Amino acid sequence: MKNLRRLLILPALLLIVGCSGNVKITGTVTYSDDGAPVETGTVCFISTTSDFMSRGTITNGTFTMGSLKADDGLPPDTYDVYFTGVEGVVKKGETVGDVTYEDQTAPTIDLKYLSAATSGIQQTVDKSTKTVEFKLDRNPDFKPL
């Protein structure tokens, strides 16, 4: 019975220790051409070694990453990074790339950043990581109002 208790307690302890090992990360997202902040969107981190994924909200070019809460950090690992919801207003019916937009928004960043498979961005998170910076190319087909 004593061994059974130990077996049941061990996973709980590992979970607690694993969560407490998170690294608090803040970052910036700017356009590579002029350093202007990416105003709004989401930055997504996907672990390259597990099924773990996390998102951070971009507001005025800054974000904070979390796993269980918005700002509790990430487990140390290497992550593929991509971005979503980074959009600006275009004229209704305008074509950007191969897409005609009816909702009056279109991606302001290069379309390659919209997928982990094509972004080409990886970020290693370890105990020394405190801040990260991403410089993204603009969508050449985006023409704001």
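Keep in mind that what you see is a predicted model, and the values were worked out from it rather than measured.
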Could you list the residues that satisfy salt bridge (Lys or Arg N to Asp or Glu O under 4.0 Å) with Lys112, not counting sequence neighbours?
Asp137
hydrophobic_cluster_shared for [Y] and [X], side chain cutoff 4.5 Å:
X: Val38; Y: Val81; answer: yes
X: Leu74; Y: Ile121; answer: yes
X: Ile58; Y: Leu111; answer: yes

Once you round to the nearest 0.5 Å, how far does [atom1] of [X] lie from [atom2] of [Y]?
X: Lys135; Y: Asp33; atom1: NZ; atom2: CG; answer: 10.5 Å
X: Ile46; Y: Thr78; atom1: CD1; atom2: OG1; answer: 13.5 Å
X: Glu39; Y: Thr108; atom1: CD; atom2: OG1; answer: 9.5 Å
X: Asp141; Y: Asp110; atom1: CG; atom2: CG; answer: 9.0 Å

Under the rule for side chain to side chain contact (heavy atoms under 4.5 Å, CB included), what residues qualify as partners of Thr84, not counting sequence neighbours?
Thr42, Cys44, Tyr82
Contacts of type side chain to side chain contact (heavy atoms under 4.5 Å, CB included), residue Thr49, not counting sequence neighbours
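Testing Thr49 for side chain to side chain contact (heavy atoms under 4.5 Å, CB included), a comparison that skips the adjacent residues, returns Ser47, Asp77.
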Side chain to side chain contact (heavy atoms under 4.5 Å, CB included) between Asp80 and Thr48: does it pass, once the steps are laid out?
CA-CA 7 Å; Asp80 289 325; Thr48 60; 3.7 Å; yes
Quick one: does Val23's side chain get under 4.5 Å of Lys127's, heavy atoms only?
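When only atoms from C-beta onward are counted, Lys127 and Val23 do touch, with a gap below 4.5 Å.
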Within a strict 4.5 Å, meaning less than it, do heavy atoms of the Asn60 and Pro37 side chains meet?
no
Residue pairs passing the ring pair (Phe, Tyr, Trp, His ring centres under 6.0 Å) test where at least one lies in residues 34-61, sequence neighbours excluded:
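Every pair satisfying ring pair (Phe, Tyr, Trp, His ring centres under 6.0 Å) with a residue in residues 34-61: Phe45-Tyr79.
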Residues in ring-ring contact (aromatic ring centres under 6.0 Å, His included) with Phe83, at least two apart?
Phe134
Could you pull out the closest heavy-atom pair between [X] and [Y], with the gap in Å?
X: Ile109; Y: Val86; answer: CG2-CG1, 3.5 Å
X: Arg55; Y: Met65; answer: C-CE, 3.8 Å
X: Leu114; Y: Pro107; answer: CD1-CG, 4.1 Å
X: Phe63; Y: Val132; answer: CZ-CG2, 3.6 Å
X: Pro75; Y: Ser67; answer: CD-OG, 4.2 Å

Under the side-chain hydrogen bond (donor to acceptor under 3.5 Å, both in side chains) test, which residues partner Asp34, sequence neighbours left out?
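Asp34 satisfies side-chain hydrogen bond (donor to acceptor under 3.5 Å, both in side chains) with Arg138 only.
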